[in-house]
Amino acid sequence: MKVYNTLTGEKEDFIPLAEGRVNMYVCGVTVYDHCHIGHARSAIVFDIIQRYLKYKGLDVKFVRNFTDIDDKIINRAKKEGIPWNEVARKYTEEFYRDMDRLGVARADIEPKATEHIGEIIGIVKGLIDKGYAYESEGSVYFSVNKFAEYGKLSKRDKEDMIAGARVDIDERKRDPMDFALWKASKEGEPSWESPWGTGRPGWHIECSAMSIKHLGETFDIHGGGADLIFPHHENEIAQSEAFTGRPFVKYWVHNGFITIDKEKMSKSLGNFFTIKEVLNKYDPEVVRYFLLATHYRSPIEFSDEQLKEAEVSIDRYYTTLARIADFLSRAETAAKPAAAEKAFEVFVNLFKDKFHTAMDDDFNTALALGNIFELIREVNRFLDANPSGQQANELVSRAKELLSEAGKVFNIFNRTPEEWQAVLMKTKEIHLTEKDILDKISQREEARKRKDWAAADAIRKELDEKGVILEDKKEGTVWKIKAG
RNA sequence: GGCGGCGUACCCAAGUGGCUAAGGGAGAGGUCUGCAAAACCUUUAUGCAGCGGUUCAAAUCCGCUCGCCGCCUCCA
């Protein structure tokens with residue numbers, strides 16, 4: 001298995017520190033507002049990585065934190081006129097609401113910054129003792145110059161950054177690049193007792209404290225959005241390695257952004273859609289598919305068109321699944337020679353390897369989805385050949401199992417075709433009941449018996465305009481909701 | 001300005017040295033059908049931003065040019 005490591009800038013063989021075990025930490029969210037679709041991408045990317053590693057039989061310990069104390073939370077509390085911890089509680093709940101809908105699994109451990117103040121203070125003290133940090137007016141700063149390897153993750157050197165001259169000048173800092181480990185609290189702000197007076201943790205230190213506590217001083221994977229590379233993850237490395245004297249993380253994994261009109265979606269630009277807004281129009285499965293159809297490190301342009309295509313793709317899956325169910329329910333045992341059988345068997349046998357190869361190559365979900373649709377085509381092609389007999393049934397059953405297994409890793413494709421129709425009915429806002437549709441179908445049946453094609457076609461057209469498609473089969477007419 | 005990334009068909013998107021450049025959508029033609037739909041088949045990049053170079057061999061490596069984006073400030 002290969003994983004792209006931001007630290008080395010290369011795809012590397014993935015070799016866990018302890019055989020068969022993977023410790024991974026992913027930066028979660030600061031709970032001060034509703035999440036947007038960019039947060040969803042990060043959550044889904046690491047959800048799939050985590051699921052795939054577990055699927056491969058690795059013993060994964062997955063930690064995803066909540067930043068529940070921070071300037072933004074404090075500001076939000078002022079704005080809403082509620083206590084800061086109420087803001088954190090409220091948006092933690094909203095986070096779970098969104099993630100549950102998106103099918104993002106809970107992490108094995110979900111620590112909060114405020115529950116690790118003791119550990120944070122311990123590390124800050126340790127850093128002062130070792131000469132990496134200093135106290136100034138009740139705050140504590142990390143001295144970047146003391147850490148020789150500073151910049152190794154984001155590939156920049158201190159001189160360049162200072163030349164960039166966008167670092168904030170703060171008189172309390174000895175060097176403009178230094179960053180806060182502990183912030184002295186102002187009157188009325190949330191605070192905790194510390195050796196340097198009352199204050200609260202800086203942003204970066206919490207992740208060091210929580211990851212080290214739950215995963216040890218060195219662990220396998222640390223993930224997050226690419227915008228965290230600098231300064232957040234760079235600072236985490238500096239603090240952690242200065243404190244423990246050991247390498248902090250073996251593989252740094254970062255997901256790309258979601259863009260709108262080619263620009264990064266962000267709160268400050270205001271060009272974002274919340275998860276809730278998107279889920280009003282599209283089913284979570286569609287959103288997951290949309291995000292997985294592009295490699296996790298590439299940017300994804302957010303667009304209605306692409307979401308609709310994702311919906312059509314998923315519809316193709318369920319249409320095939322319905323065909324499979326139909327075929328299996330007929331289960332003819334009398335074997336009829338099917339020329340296509342051998343070729344189909346070869347294809348079915350190859351699928352799992354192809355799926356694994358794709359996912360083993362830096363979690364190439366886009367390629368894996370391509371493999372899935374190749375299998376879908378082969379299934380349809382095989383069914384078109386009107387196969388029969390036990391061998392054919394077994395092959396089709398196996399194909400169905402394989403699709404379902406792959407779907408499990410992505411946490412998509414796990415409904416029945418009927419459930420999928422219900423989903424479309426809801427998201428497409430079809431204002432017809434099943435009875436309405438069935439009545440129309442029987443009216444059309446009458447017309448068809450009379451060979452009154454004009455009347456029959458008029459009914460079909462009427463339903464089509466309302467988003468319902470009719471399919472005439474030998475056994476009768478079935479209906480489905482138009483996807484896309 | 002510094003550092004990093006991207007540019008593959010009408011659209012989206014895999015592919016980072018070597019078999020016919022995955023897959024999805026859209027279009028065209030066909031099989032099936034009363035007609036459709038679904039499904040399948042055929043078709044749509046002798047070419048991967050452009051120009052050079054390395055190599056027996058390049059979308060894939062190197063250089064330059066053009067265009068777009070990201071990070072350097074909170075940010076998934």
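Hydrogens, waters and symmetry mates are skipped; everything else that's a heavy atom, side chains included, is used. Here is the naming used below: chain letters follow the sequence lines, and residue numbers restart at 1 for every chain.
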Q: Enumerate the residues from residues 437-451 of chain A whose closest heavy atom to RNA chain B is under 4.0 Å, giving them by residue number; use none for an empty result.
A: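 When residues 437-451 of chain A is checked for heavy atoms under 4.0 Å from RNA chain B, the hits, listed by number, are A:Arg444, A:Arg448.
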Q: Please work out which residues in residues 406-416 of chain A have a non-hydrogen atom less than 4.0 Å from an atom of RNA chain B and list them by number.
A: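 Nothing qualifies; none.
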List every contact pair, protein side and nucleotides 41-44 of chain B side both N or O, where the distance is under 3.5 Å.
residue	atom	partner	partner atom	Å
B:C41	OP1	A:Arg381	NH1	3.2
B:C41	OP1	A:Arg381	NH2	3.2

Q: Apply ring pair (Phe, Tyr, Trp, His ring centres under 6.0 Å) to A:Trp84 and list each qualifying residue two or more places apart in sequence or on a separate chain.
A: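 Ring pair (Phe, Tyr, Trp, His ring centres under 6.0 Å) list for A:Trp84, sorted by chain: A:Trp192.
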Q) Of all residues at least two apart in sequence or in a different chain, which pass the ring pair (Phe, Tyr, Trp, His ring centres under 6.0 Å) check with A:Phe347? A)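 Testing A:Phe347 for ring pair (Phe, Tyr, Trp, His ring centres under 6.0 Å), a comparison that skips the adjacent residues, returns none.
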Q. What residues, two or more places apart in sequence or in another chain, satisfy side chain to side chain contact (heavy atoms under 4.5 Å, CB included) together with A:Thr357?
A.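 Once residues adjacent in sequence are excluded, A:Thr357 has no partner under the side chain to side chain contact (heavy atoms under 4.5 Å, CB included) criterion.
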Q.
Just to verify, what does A:Lys276 make a side chain to side chain contact (heavy atoms under 4.5 Å, CB included) with, not counting sequence neighbours?
A.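 Only A:His34, A:Glu94, A:Asp98, A:Thr274 meet the side chain to side chain contact (heavy atoms under 4.5 Å, CB included) criterion with A:Lys276.
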Q | Selection residues 219-236 of chain A - residue pairs positive for salt bridge (charged side-chain N to carboxylate O under 4.0 Å, His left out), sequence neighbours left out | A |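 Passing the test, one end in residues 219-236 of chain A: A:Asp227-A:Lys264.
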(Q) For B:G34, is there a stacking contact with A:Trp453, counting only centres under 5.5 Å and planes under 30°? (A)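 Check passed, A:Trp453 stacks on base of B:G34.
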Q) Dot-bracket for RNA chain B, 5' to 3', counting Watson-Crick or G-U wobble pairs under 3.5 Å, with [ ] for crossing pairs and | for inter-strand pairs? A) ((((((((.[[[..)..(....]]].(((((.......))))).....[[[[[..)....]]]]])))))))....
Identify every side-chain donor-acceptor pair in residues 366-377 of chain A under 3.5 Å, counting partners at least two apart or on other chains, and give the distances.
residue	atom	partner	partner atom	Å
A:Glu374	OE1	A:Lys354	NZ	3.1

Q: Hey, could you give me the CD1/OG distance between A:Ile229 and A:Ser154, rounded to the nearest 0.5 Å?
A: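 A:Ile229 atom CD1 to A:Ser154 atom OG measures 8.0 Å (nearest 0.5 Å).
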Q: Return the set of residues passing salt bridge (Lys or Arg N to Asp or Glu O under 4.0 Å) with A:Lys408 (not counting sequence neighbours), or none when no residue passes.
A: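 With neighbours one apart ignored, the set is empty.
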Q) Would you say B:A76 has OP1 or OP2 under 4.0 Å from some side-chain N or O of A:Arg64? A)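 Indeed not, no polar side-chain atom of A:Arg64 lies that close.
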Check nucleotides 26-29 of chain B against the protein and report each pair of N or O atoms closer than 3.5 Å, with its distance, or say if there are none.
none

